[in-house]
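Below is one structure, written out as structure tokens; comments come after it.
Keep in mind that what you see is a predicted model, and the values were worked out from it rather than measured.
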Amino acid sequence: MFQTSFETYAIEYRVGRDFSPLSWSEYFEAMEDVEVENDNAKDISFTHGPVLLLLHGGGHSALSWAVFTAVIYNRINCRVVAMDLRAHGDTKVKNSDDLSAETMAKDIGKVVEALYGENPPPIMMIGHSMGGAIAVHTAAANHVPSLLGLCVIDVVEGTAMDALNSMQNFLRSRPKTFKSVENAIEWSVKSGQIRNVESARVSMGGQVKKCEEPLNSPGVSKSISDGIIEEEEEEEEEGESNHKRKKEDDQEVKETLYTWQIDLSKTEKYWEGWFSGLSALFLSCPVPKLLLLAGVDRLDKDLTIGQMQGKFQMQVLPQCGHAVHEDAPEKVADALASFMVRHKFTEFKEGFLW
């Protein structure tokens with residue numbers, strides 16, 4: 001029997017400012033290993049309210065939703081499930097090379113069924129970038145029959161299709177390896193990939209992994225400091241003993257390099273399938289829809305017309321990068337909470353001042 005194991009996460013919070021990693025347990029109540037196509041459904045509910053099913057972007061993981069989860073959980077009555085999509089984070093599948101929109105959309109339905117059986121609770125599906133596209137495909141195919149609503153974050157067909165031509169250049173511009181998870185976190189912040197330090201500290205741990213090959217192997221870049229040069233304070237009087245110790249430390253670093261969890265450049269054949277026809281598919285979904293964008297320039301013609309016709313609600317959150325929910329989790333939580341309360345999907349928590 002084909003079985004697939006998905007990591008799901010479900011809640012809590014904390015603040016920090018350095019580049020040291022933060023654990024998922026600072027934000028979520030539990031991590032569950034869910035096997036699909038198995039007869040024993042398990043409900044990972046911890047509170048009352050609809051389930052927010054969170055789908056991350058390409059190369060990210062469920063941890064990209066950590067800070068947002070803490071914020072939204074304090075605003076409305078809800079349950080939160082953030083899952084690692086196939087080939088991402090800690091999820092393991094038999095055919096990890098199959099990242100087609102159809103396969104990934106089916107994955108979502110299988111995970112929901114594995115969690116809740118034949119009577120799933122009301123679900124609000126929220127996806128960022130690639131995860132937003134997969135959310136649309138999932139909704140359009142009715143893989144989540146208890147779907148209440150759909151929220152897509154910073155992905156529209158026109159902009160996404162235009163960006164595909166330069167995507168490989170962008171991926172090549174990133175460091176291939178990092179000295180440590182701290183190094184990866186620092187790069188993500190200084191490069192602007194994630195502008196919120198706290199979010200970067202918990203999110204980047206799901207984006208990188210220890211290299212499986214030693215530094216001098218053909219498959220691993222020797223440029224361990226690409227993108228970030230770590231500042232080291234060395235005093236001249238330390239002498240030869242310290243120099244020898246530093247060489248030993250360098251050798252240890254070589255054995256513990258980190259690289260990207262998934263090589264996104266190898267997924268290129270699926271990119272067009274994720275985004276082609278996405279606007280029409282989004283507009284066809286029969287549930288209430290919310291589109292959150294980092295800039296109004298991202299809106300394409302079909303969505304512009306649909307928005308004028310009132311087919312979905314749109315909100316622009318300026319001064320954010322592409323990872324809108326990581327850069328401005330409070331703004332995204334406010335927009336989503338308002339949307340869900342307006343549609344009577346849930347209520348604000350008692351004592352929360354709107």
Side-chain angles (χ1 to χ4, degrees), residues 7 18-22 24 56-64 66 84-93 95-99 104 128-131 160 163-197 199-232 246-272 274 321-323 326-327:
E7 292 293 334
D18 58 37
F19 295 122
S20 61
L22 292 172
W24 66 266
H56 60 78
H60 290 251
S61 78
L63 296 178
S64 73
D84 289 332
L85 299 175
R86 64 168 47 220
H88 291 75
D90 292 327
T91 283
K92 301 292 186 294
V93 293
N95 185 8
S96 60
D97 292 332
D98 183 4
L99 294 179
M104 296 179 79
H128 166 248
S129 194
M130 176 199 76
L164 294 186
N165 293 329
S166 59
M167 186 57 66
Q168 288 288 7
N169 287 335
F170 165 73
L171 294 175
R172 281 192 292 268
S173 73
R174 303 191 306 173
K176 289 183 172 55
T177 57
F178 299 98
K179 294 178 182 178
S180 63
V181 176
E182 288 89 342
N183 187 220
I185 293 168
E186 185 177 1
W187 173 82
S188 72
V189 173
K190 292 186 175 180
S191 67
Q193 175 176 302
I194 303 173
R195 300 181 185 182
N196 182 324
V197 176
S199 190
R201 291 176 64 196
V202 64
S203 176
M204 284 303 292
Q207 293 191 51
V208 298
K209 62 182 180 180
K210 286 185 179 180
C211 289
E212 297 175 355
E213 300 173 293
L215 179 62
N216 56 5
S217 296
V220 179
S221 167
K222 294 183 179 180
S223 180
I224 66 175
S225 297
D226 288 351
I228 288 291
I229 299 176
E230 292 189 340
E231 297 180 0
E232 297 179 357
K246 183 177 184 302
K247 290 179 68 176
E248 292 173 351
D249 290 343
D250 287 345
Q251 182 63 38
E252 184 178 351
V253 167
K254 291 178 182 180
E255 296 172 355
T256 57
L257 289 178
Y258 288 79
T259 189
W260 298 103
Q261 184 76 239
I262 177 174
D263 185 352
L264 288 174
S265 64
K266 294 181 179 179
T267 67
E268 182 175 10
K269 63 181 177 181
Y270 297 112
W271 296 348
E272 187 172 344
W274 295 343
H322 178 50
E326 295 204 56
D327 294 348

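Lys209 NZ to Thr259 OG1: the interatomic distance, rounded to the nearest 0.5 Å, is 7.0 Å. Note that OG of Ser265 and CG of Asn169 are 12.0 Å apart. Values are rounded to the nearest 0.5 Å. Residue Tyr258 holds its OH atom at 9.5 Å from SG of Cys211, rounded to the nearest 0.5 Å. One finds the CG atom of Asp90 at 8.0 Å from the OG atom of Ser61 (value rounded to the nearest 0.5 Å). A distance of 9.0 Å separates CG of Asp98 from CE of Met104, quoted to the nearest 0.5 Å. The NZ atom of Lys210 sits 15.0 Å away from the OG1 atom of Thr177 when rounded to the nearest 0.5 Å.
The side chain to side chain contact (heavy atoms under 4.5 Å, CB included) test with Phe170 singles out one residue from Gln168, Arg172, Arg174, and that residue is Arg174. Tested against Arg201 for a side chain to side chain contact (heavy atoms under 4.5 Å, CB included), the candidates Ser20, Ser188, Pro21 yield a single pass: Ser20.
Judged purely by atom type and a 3.5 angstrom limit, His56 has no side-chain atom pairing as donor or acceptor with the backbone of Asp84.
Evaluation of the side-chain hydrogen bond (donor to acceptor under 3.5 Å, both in side chains) rule for Asn165 yields no partner, not counting sequence neighbours. Under the rule for a ring pair (Phe, Tyr, Trp, His ring centres under 6.0 Å), the partners of His128 that lie at least two apart in sequence or sit in another chain are His322, His325. For the ring pair (Phe, Tyr, Trp, His ring centres under 6.0 Å) test, no residue two or more places apart in sequence or in another chain qualifies with His60. Under the rule for a side chain to side chain contact (heavy atoms under 4.5 Å, CB included), the partners of Lys266 that lie at least two apart in sequence or sit in another chain are Asp263. For Thr267, the side chain to side chain contact (heavy atoms under 4.5 Å, CB included) partners at least two apart in sequence or on another chain are Leu99, Ile262, Leu264, Trp271, Trp274. Residues passing the side chain to side chain contact (heavy atoms under 4.5 Å, CB included) test with Ala184 are Phe178, Met204, Val208, sequence neighbours excluded.
You'll find the side chain of Glu326 stays beyond 4.5 Å of the side chain of Gln193, heavy atoms only. Residues Ser203 and Ile194 form a side-chain contact, since some pair of their non-hydrogen atoms from C-beta on lies under 4.5 Å apart.
Of all heavy-atom pairs between Ser96 and Ala87, the closest is O-CB, 3.6 Å.
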